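This report concerns only the one structure given below.
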Amino acid sequence: MRRFPSKLLNWYAENKRTLPWRGHRSPYAVWVSEIMLQQTRVETVIPYFKKWMKTFPTVYTLARASEQDVLNAWEGLGYYSRARNFHKAAKIVVEDHEGKLPRDMTELQKLPGIGRYTAGALASIVFGMDEPALDGNLKRVYARLFDVEAPVNSTEGERLLWEIARENLPTGKAADFNQALMDLGATICLPKNPRCEVCPLAKECKAKARNVQGLRPVKTMKRAMPRYTYAAAAIIKRINGSPCALLVQRPLKGLLGGMWEFPNARVAGDPAEALAPALETAYRLTVRKKRGVQNPLAIVKHAYSHFSVVVHAFLCESALKKTNAALKWIRLKDLEKYPMGKIDRTIARRIINDSRF
DNA sequence: CATCCGTGGTC
DNA sequence: TGACCAAGGAT
């Protein structure tokens, strides 16, 4: 078992993935990648990363950008608080650290959006410091390699795995070592159907020895996510001759915080039945939302069920105002400037291509 | 410490 | 198709 780090590093030298942020001279590029990669697949991140580096090539360009531009660049990636926190952190780095990431684990973790994992990843990859970076891949690999029976998402499992990660870190090689474990986890030590037959560490793997790879890592059960149906409306009126849609900005915190959307409301059962009159010019979508999430715009549901949305747009507007929602009439050709989640962006594109408007 | 936060892919 | 998963962090 002592020799697994060198075996892993040899494997990595031959099999590492070529990724846009690897070998990048700028620490900022690695920072961008680490934030984008939080809970997000590499294939999803790559196009966003490339575009981001053109839009915000340096920490200074990011720091002086508007929040709207930052969210626009992030649109579609999800977990939008990452973009807000990154923006805040860039401002702090520029103002308090002369535009450079601090070479210090504690200072790194003071920056919004940088936790224990990301601090370790930046410290090792950017500065070559001897720091572990325990992400989902490493948790899975180590849980198998050392046959960890404690649930990886339990306090005990977390403590144990961080300890393992630190103990096995080869001095002076943390950058390659951490990334090697990530690549191994992403290409061979897969969550399902791990490819043990081609794994360079198969001989050292305790779970493999006992044939329990499929049972590691152990995880505690999570609650299932319920499905709710929402109805969204395209409320269109002409202002100075150009068609405009009514948009609402969501509260800065919570689901899709700060993003713009079409007025919508949760509906019970079949929305076509509840909103038949309004849906003539509205679009229906099914979305997944967590239990207990309340939509502040439920009041529009009432308005929609009684009036045609186009003819009585003013009524919806006054109903929305009572909720203190930030709403705005936006020219259809300007819709793309307003950051939206995936579903509302889909609606926006459909409206723009709708010959009726 | 449990829950929340998006989206797209997989089996 | 529902459940699970993916380079976590904030609260």
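Only a predicted model underlies this, so the values are computations on that prediction, with no experimental measurement involved. Here is how names work: the chains are called A, B, and so on, in the same order as the sequence lines, proteins then strands, and each is numbered from 1.
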Sorted by position of nearest nucleotide on DNA chain C, 5' first, the leading residue of A/Asn85 and A/Glu34 is A/Glu34
Can you check the distance between B/dC1 and C/dG8, where both ends of the measurement are the C1' atom (answer in whole Å)? 16 Å
(message) Classify A/Trp21 by what it touches in the nucleic acid, base, sugar-phosphate, or nothing, heavy-atom distance under 4.0 Å.
(response) base
Taken to the nearest whole Å, NZ/A/Lys139 to C1'/C/dC5 is 13 Å
Separation of B/dC5 atom P from A/Arg250 atom CZ, nearest Å, is 9 Å
In whole angstroms, the gap separating P of B/dC5 from CD of A/Gln38 amounts to 17 Å
Residue pair A/Thr155/A/Gly257 against DNA chain B: nearer the 5' end by closest nucleotide is A/Thr155
Exercise for review: Would you please confirm or rule out a distance under 4.0 Å between OP1 or OP2 of C/dA7 and any side-chain N or O of A/Thr118?
Suggested key: no
Taking only Lys NZ, Arg NE, NH1 and NH2, and the carboxylate oxygens of Asp or Glu, determine whether A/Arg17 and A/Asp183 approach each other closer than 4.0 Å. yes
Looking only at C/dA7, C/dA6, B/dG6, the nucleotide nearest the A/Arg41 side chain is C/dA6
**Prompt:** Is the base of C/dG8 touched by the side chain of A/Tyr117 through a donor-acceptor pair closer than 3.5 angstrom?
**Reply:** no
Judged by modelled atom types alone, do A/Gln179 and A/Arg22 share a side-chain donor-acceptor pair under 3.5 Å? yes
Ion pair present between A/Asp176 and A/Lys173, side-chain N to carboxylate O less than 4.0 angstrom? no
Between A/Asn153 and A/Gly254, whichever has its closest DNA chain B nucleotide further toward 5' is A/Asn153
If you go through the side-chain atoms of A/Arg82, does one of them form a donor-acceptor pair with the base of B/dC5 closer than 3.5 Å? no
Walk me through whether A/Asn137 and A/Arg140 qualify under side chain to side chain donor-acceptor pair (under 3.5 Å). CA-CA 5 Å; A/Asn137 285 310; A/Arg140 183 173 60 258; 2.8 Å; yes
task: Can you label the angle between the A/Trp52 ring and the A/Phe86 ring as parallel, tilted or perpendicular, going by 30° and 60°?
output: parallel
Atom NZ of A/Lys192 and atom P of C/dC5 are separated, to the nearest Å, by 6 Å
query: Does the distance from a Lys or Arg side-chain N to an Asp or Glu carboxylate O, for A/Lys342 and A/Glu75, drop under 4.0 Å?
result: no
Rounded to whole Å, OH of A/Tyr79 lies from C1' of C/dG8 at a distance of 8 Å
(request) Looking at every strand, decide which applies to A/Gly185 at a 4.0 Å heavy-atom threshold: base, sugar-phosphate, or nothing. (result) nothing
From CE of A/Met36 across to C1' of B/dT7 the rounded distance in Å is 14 Å
### Query
Which is true for A/Leu19 with a 4.0 Å heavy-atom rule: it touches a base, it touches only sugar-phosphate, or it touches nothing?
base
Between CZ of A/Arg345 and P of B/dG8 the distance, given in whole Å, is 13 Å
- Linked, directly or transitively: A/Tyr60 and A/Ile35 (ILVMFWY side chains, under 4.5 Å): yes
For C/dA10, does the base pair up with any side-chain atom of A/Arg116 as donor and acceptor (N or O, under 3.5 Å, distance only)? no
### Message
Taking the P atom in each of C/dG9 and B/dG8, what is the distance between them to the nearest angstrom?
### Response
23 Å
Rounded to whole Å, the CZ-P distance (A/Arg84 to C/dA10) equals 15 Å
Per nearest nucleotide of DNA chain C, the residue lying toward the 5' end, A/Leu190 or A/Gly115, is A/Leu190
Q) With sugar-phosphate meaning primed atoms plus P, OP1 and OP2, does A/Leu77 contact a base, only sugar-phosphate, or nothing at under 4.0 Å between heavy atoms? A) base
Quiz item: Hey, does A/Thr44 reach any base, or is it just sugar-phosphate, or nothing, if we go heavy atoms under 4.0 Å?
Solution: nothing
### Message
Less than 4.0 angstrom between a side-chain N/O of A/Arg140 and OP1 or OP2 of C/dC5, yes or no?
### Response
no
query = Are A/Gln39 and C/dG8 close enough that a side-chain N or O sits under 4.0 Å from OP1 or OP2?
reply = yes
What's the gap between B/dC4 and C/dA7 when it is taken at their P atoms, as a whole Å value?
23 Å
